[in-house]
Amino acid sequence: MREDVENLDISDVTANWVNAAVLQHQIDERIKALADLSHTPLFFGRLDYLHAPGADKAEGAEGERFYIGRRHVHDAEGDPMVIDWRAPVSQPFYRASKKDPMDVGLRRRFGYTGGDLTAYEDEHLSDPAEAATTSKLLQQEIERPRVGPMRDIVATIQPEQDEIVRSGLSGSVCVQGGPGTGKTAVGLHRVAYLLYAHRERLARTGTLVIGPNKSFLHYIEQVLPALGELEVKQATVDDLVAQVEVRGSDDAAAAVIKGDARMAEVLRRAVRSHVTVPTEPVVVVRGSRRWRVAAYELEDLVRELLDRDIRYGAAREALPQRIAHAVLVQMERSGEAPDDRVQDAVAHNTAVKAAVKAIWPAVDPAKLVLRLLSDADFLAVHAAGILGEDEQKEILWQKPVRSVKSAKWSAADAVLIDEATDLVQRTHSLGHVVLDEAQDLSPMQYRAVGRRCTTGSATVLGDLAQGTTPWATRSWDEALRHLGKAEAVVEELTAGFRVPTDVIAYASRLLPHIAPGLTPVASVRENPGFFEVRPSAADSEVVGACAELLRNEGSIGLIAADARIPVLAEALTTAGLTYLGPGEETTAETRLTLVPASLAKGLEYDYVVLDEPQAVVDGEPDERTGLRRLYVALTRAVSGLIVTHAAPLPPQLA
C-alpha cells in the first residue's frame with residue numbers, strides 16, 4: 001500500500017504548482033501514515049461470523065471471516081485483508097460474550113513476541129458446550145513489560161472501555177478512572193475513533209490533546225501515530241495561554257484565588273469599565289453638509305451594545321457602523337440616496353473614529369490584568385462584592401511593575417490574561433478536545449480549555465483521588481460546569497488492568513482520607529504482583545533495591561519527594577547506575593528513571609521503588625494534597641513495588 005502511494009505520478013494531474021505542492025504534501029503525509037512499525041503486527045484478532053454482517057440471517061446463509069488490526073490493509077486488487085479496529089464490523093471483537101455472542105461463531109486472539117506470531121487462542125462464543133474463560137493472551141498482553149513510550153491498547157480494549165471509545169462526536173464524555181483503569185488510553189483511542197468516523201469534519205475543525213506536563217505528552221505522543229493519526233496536536237494548559245512569559249510563581253493561597261471562577265466576573269467588569277457614556281454629539285462633515293448625531297442617540301447605541309453582552313472588541317467594531325447608519329438615516333430623510341459605500345466612508349470618518357476611541361477605547365488584555373494586580377483601588381472597584389478585602393490583598397503584587405514585559409507573570413496570571421483576551425475577542429474553537437489529568441485544573445483553567453471547544457465536544461479524563469493541587473477538583477459536576485459542558489455524561493472505570501492486586505489494595509488505604517465515597521479500583525490481574533515495604537537506614541539501600549529490580553525485564557522507576565531527587569541522583573551515580581529523567585525514553589541499556597513525585601502522574605513503570613512516603617506527603621502545602629501525591633506515586637507500578645523508608649510511614653497507610 002505504501003509503495004503504491006510512493007509510485008504515484010502527479011506530474012500531469014494538477015493545474016498549477018500550488019495544487020501540485022498541496023497534493024505532494026498529502027501524499028507525503030499518507031506515506032508517513034503507512035510507515036512500518038517495528039514489533040507491531042498488522043493484525044491481532046479474527047472474527048468468524050455465523051452469517052455475513054448485514055445479510056439475511058436465514059438458515060443456510062454463509063458466514064464471513066474478518067481479520068482485525070490497527071489499520072485497514074488491502075491487497076493489490078483493493079480487497080480488504082485486515083479490517084480497521086474502529087470499523088463497525090470489528091466491534092464484536094470487543095463486546096461479544098457468551099451471553100451475547102453478537103452472531104460471532106469464533107473469536108481468535110493472536111499472541112506476538114517481538115513482532116513474530118507465537119500463539120493464538122480461540123473462543124467459540126456461540127457454542128453452549130464451551131464454558132466462558134479468562135483470556136490468557138489478554139492477561140499476557142496487559143502484563144507485558146513496558147519499555148519506551150506508552151503504546152496503544154487496541155488488542156485489549158474491554159467492553160466498558162469500548163462503549164466510551166465509540167461514543168458519538170456530538171456529546172462530551174467525562175471519564176472518572178482510578179489508577180490503571182486505562183482512562184488515558186481510552187481518551188486517545190476515542191480521538192482515533194472520532195477521526196475515523198468523522199474525518200472530514202474534524203479535519204476542518206481540528207483536534208487537541210491536553211496533558212498535565214511535557215513529560216506526560218512525550219510519554220503518550222506515539223499512541224495516535226501508531227494508529228495512523230498524525231494530525232492531532234498536543235499541548236499543556238500553560239501552552240494554550242502562553243501570551244506572556246511565565247517567570248514568577250504564586251503561593252498556594254494567591255493561586256487558589258486567581259484560579260477561582262469569580263475572577264471571570266472581576267475581569268468582565270474591568271473590561272467593560274473602559275466604556276464611557278458619551279456626553280458630546282458627533283458631527284460628520286461631508287462636502288458642504290454637516291450631519292449631527294446627538295449625545296443621547298450615541299448613548300442609546302452604546303447601551304444597546306452593552307445590553308447585548310457581545311465581545312468587547314466586536315462591539316467596538318460595530319459602534320462606528322451604528323453611528324454611520326444613524327447618519328445615513330438622516331441623509332435619506334433629507335432626500336439623498338446613500339449606499340453601503342457611503343456608510344463605510346462615514347464609519348471611517350475622522351470624527352467618528354475619534355468618538356469611538358473616546359467612548360469605546362481599545363483594551364490590551366495583559367495591561368488590564370497588570371493594572372488589576374498592581375493597582376489596589378482599581379481592583380477594589382471591580383472586585384467589590386466578589387472578593388473580600390483579604391482576598392484582594394492576597395493577589396495584589398507587593399512591588400509596582402512598570403510594564404507587561406518586566407512583570408514576573410505566574411501561570412495563574414497567564415490564565416487571567418487568556419480570560420481577558422476572550423472577553424475582547426472570541427477564542428477559536430476546535431472540533432474535539434481531550435483533557436487528561438483534569439482533576440488538577442482550577443476553575444479558571446477549565447474555562448480556558450472550554451473556550452477551545454465551545455462549538456465542539458470534549459473528552460475529560462481524570463481521577464478525583466489523584467488531585468494534587470490546592471485547587472483540585474471537588475466534583476466532576478462542578479468541573480464540567482466551569483468547562484461549559486454541564487451536559488456531559490460521566491462514566492466511571494473501576495476495573496484495574498495495570499496495577500497489581502496487592503499494590504492497589506495497599507494504595508487504596510488512603511482513599512477514605514483523600515476521596516471519601518470514591519469506588520476503590522478492583523484489579524482484574526491474575527498475577528498479584530511483587531510488593532514489599534522495607535525499612536532502610538541509608539540511601540545505598542534504596543539504590544540496592546533499584547539494582548535488584550533491574551535484574552527483571554522491563555522499566556524501573558525510582559520515585560521520591562522532589563527535595564530528595566539530588567541526593568538520590570548522587571547515590572545512583574556513585575553506585576554506577578545510569579538513569580533517565582521523566583519523559584526520556586527508556587532503552588534496553590538504560591531502564592531506570594529517577595522521577596520527582598510532582599511529575600509521576602500519568603507515567604507507569606514495570607517496577608517502582610518508592611522512597612520515603614512521609615517525605616512525599618511533607619513536600620506538599622497540606623496533608624490531603626500530600627496524601628493524594630503519595631497515592632499517585634504508589635500506583636505507578638505494573639508488576640512490582642518496593643516501598644523504602646527510614647522515617648515512620650504515614651499513619652493513613654497503617
Side-chain angles (χ1 to χ4, degrees), residues 18 21-33 71 84 86 150 152 164-175 184-214 216-243 311 313-314 414-415 418-419 421-422 424-438 441 445-462 480 482-485 487-488:
V18 176
V22 171
L23 183 56
Q24 187 59 54
H25 173 72
Q26 292 173 341
I27 289 173
D28 292 343
E29 290 298 298
R30 176 68 174 157
I31 292 169
K32 278 189 210 173
R71 308 289 306 281
D84 194 301
R86 298 168 285 190
M150 182 181 180
D152 66 73
I164 298 170
V165 166
R166 294 177 193 266
S167 54
L169 177 62
S170 58
S172 293
V173 179
C174 174
V175 182
T184 296
V186 165
L188 294 174
H189 287 67
R190 175 159 150 76
V191 171
Y193 172 77
L194 292 176
L195 285 167
Y196 175 87
H198 308 278
R199 189 166 302 281
E200 288 188 12
R201 179 175 168 184
L202 288 176
R204 292 194 308 272
T205 55
T207 50
L208 175 67
V209 174
I210 302 172
N213 52 57
K214 296 291 187 185
F216 179 83
L217 292 177
H218 182 69
Y219 177 61
I220 67 168
E221 68 183 357
Q222 295 304 317
V223 175
L224 289 168
L227 300 174
E229 304 301 344
L230 305 175
E231 298 301 317
V232 180
K233 292 183 170 55
Q234 296 183 346
T236 64
V237 174
D238 291 344
D239 294 333
L240 295 183
V241 301
Q243 298 182 44
R311 294 294 193 285
V415 178
D418 189 71
E419 178 85 26
T421 302
D422 184 69
V424 175
Q425 208 71 40
R426 183 181 296 278
T427 304
H428 174 67
S429 175
L430 299 165
H432 192 77
V433 169
V434 175
L435 175 61
D436 205 353
E437 300 296 348
L441 268 60
Q445 287 176 316
Y446 277 117
R447 290 176 62 88
V449 174
R451 284 192 283 280
R452 271 75 187 178
C453 54
T454 49
T455 58
S457 55
T459 301
V460 181
L461 313 166
L480 293 168
H482 294 313
L483 191 70
K485 303 294 179 186
E487 77 291 347

Let me see the working for Val449 and Val237 under side-chain contact (heavy atoms from CB on, under 4.5 Å), right down to the final yes or no. CA-CA 7 Å; Val449 174; Val237 174; 4.1 Å; yes
Minimum heavy-atom distance between [X] and [Y], given as atom pair plus value:
X	Y	answer
Lys485	Ser172	CD-OG, 3.5 Å
Leu217	Gln234	O-OE1, 3.3 Å
Cys453	Val433	CB-CG2, 3.9 Å
Val186	Val165	O-CG2, 3.8 Å
Ala192	Arg86	O-NH1, 2.7 Å
Leu441	Gln445	CA-OE1, 3.3 Å

Got a donor-acceptor contact below 3.5 angstrom from the [X] side chain to the [Y] backbone?
X	Y	value
Thr207	His432	no
Asp422	Thr427	yes
His198	Leu194	no
Ser429	Thr455	yes
Thr459	Gly187	no
Arg452	Leu240	yes
Arg71	Ala33	yes
Arg426	Arg311	no

Arg199/Glu229 ion pair, N-O < 4.0 Å: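 Looking at Arg199 and Glu229, the cut-off is met.
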What distance do [X] atom [atom1] and [Y] atom [atom2] have between them, rounded to the nearest 0.5 Å?
X	Y	atom1	atom2	answer
Tyr219	Asn213	OH	CG	13.0 Å
Gln26	Ile31	CD	CD1	12.0 Å
Ser170	Glu487	OG	CD	9.5 Å
Leu169	Leu195	CG	CG	9.5 Å
Asp238	Asp418	CG	CG	11.0 Å
Lys32	Asp28	NZ	CG	7.0 Å

Are [X] and [Y] close enough that some pair of their side-chain heavy atoms sits under 4.5 Å apart?
X	Y	result
Lys214	His218	no
Glu419	Val241	no
Asp436	Val209	no

I need the full list of salt bridge (charged side-chain N to carboxylate O under 4.0 Å, His left out) pairs touching residues 165-174, with sequence neighbours left out, sorted by first then second residue.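 Passing the test, one end in residues 165-174: Asp162-Arg166.
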Could you verify whether a donor N or O on one side chain and an acceptor N or O on the other, from Thr236 and Asp239, lie under 3.5 Å apart?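 Judged by distance alone, the side chains do pair up.
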By side-chain hydrogen bond (donor to acceptor under 3.5 Å, both in side chains) - contacts of Glu437 (at least two apart):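 Counting only residues at least two positions away or on another chain, Glu437 forms a side-chain hydrogen bond (donor to acceptor under 3.5 Å, both in side chains) with Gln439.
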With side chain to side chain contact (heavy atoms under 4.5 Å, CB included) as the test, pick out the partner of Tyr446 among Leu480, Val415, Leu435.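 With Tyr446 as partner, side chain to side chain contact (heavy atoms under 4.5 Å, CB included) holds for just one option, Leu435.
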